[in-house]
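What you see is a predicted model; the values in this text were computed from it and never measured. The figures here come from the full heavy-atom set of this structure, side chains too, leaving out hydrogens, waters and symmetry mates.
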Amino acid sequence: MADKKIMLACAAGMSTSLMVQKIEEAAKAAGKDYEVFAKSTADVERELNAEHIPDVVLLGPQVSYLKNEIKAKTDAKGIPMDVMPMMDYGMMNGENILKFAENLMEN
């Protein structure tokens, strides 16, 4: 089982699939065993009630308007959550998004 689970959430779980690959590549290069996966924002609640809940939830910038609604759900479970920085998301910078996720998990 992976050390950490990073969940990306966007409108349909599709636009973040490339970002998942980029984060996985960055984690592997850093010698980290992380499970990274994408879901639609509609699936967040189900994932938060799954057997192996994510260690952090990252929202795609295109669904940042859902931040408060989803943050209430993640806060209730004690899971850090935030919106991925638009610039890093747009540039598909997996390394920076990985660091962003790790900072959230540490604090």
Check: Met81 and Leu58 side chains under 4.5 Å, non-hydrogen atoms: no
Pairs meeting criterion salt bridge (Lys or Arg N to Asp or Glu O under 4.0 Å) with involvement of residues 74-85, two or more places apart: Lys67-Asp82, Lys71-Asp75
side-chain hydrogen bond (donor to acceptor under 3.5 Å, both in side chains) contacts touching residues 94-107 (sequence neighbours left out): Lys32-Glu102, Tyr34-Glu102, Asp88-Asn96
Nearest-0.5 Å distance, OG1 of residue Thr41 to CG of residue Leu66: 5.0 Å
Salt bridge (charged side-chain N to carboxylate O under 4.0 Å, His left out) against Glu25, all qualifying residues, sequence neighbours excluded: none
With sequence neighbours excluded, residues passing salt bridge (charged side-chain N to carboxylate O under 4.0 Å, His left out) with Glu24: none
Tyr89 backbone acceptor or donor facing Asn93 side chain under 3.5 Å: no
Results of side-chain hydrogen bond (donor to acceptor under 3.5 Å, both in side chains) for Glu69 - residues two or more places apart only: none
Within-4.5 Å side-chain heavy-atom neighbours: Leu8 and Met84: yes
Contacts of Lys28 that satisfy side-chain hydrogen bond (donor to acceptor under 3.5 Å, both in side chains) - sequence neighbours left out: none
Flag, side chain of Lys5 to backbone of His52, donor-acceptor distance under 3.5 Å: yes
Qualifying salt bridge (Lys or Arg N to Asp or Glu O under 4.0 Å) pairs with a residue from residues 51-66, counting only residues at least two apart or across chains: none
Other cluster members, Met91 - Ile/Leu/Val/Met/Phe/Trp/Tyr, side-chain contacts below 4.5 Å: Met87
Distance, nearest 0.5 Å, that separates NZ of Lys39 from SG of Cys10: 11.5 Å
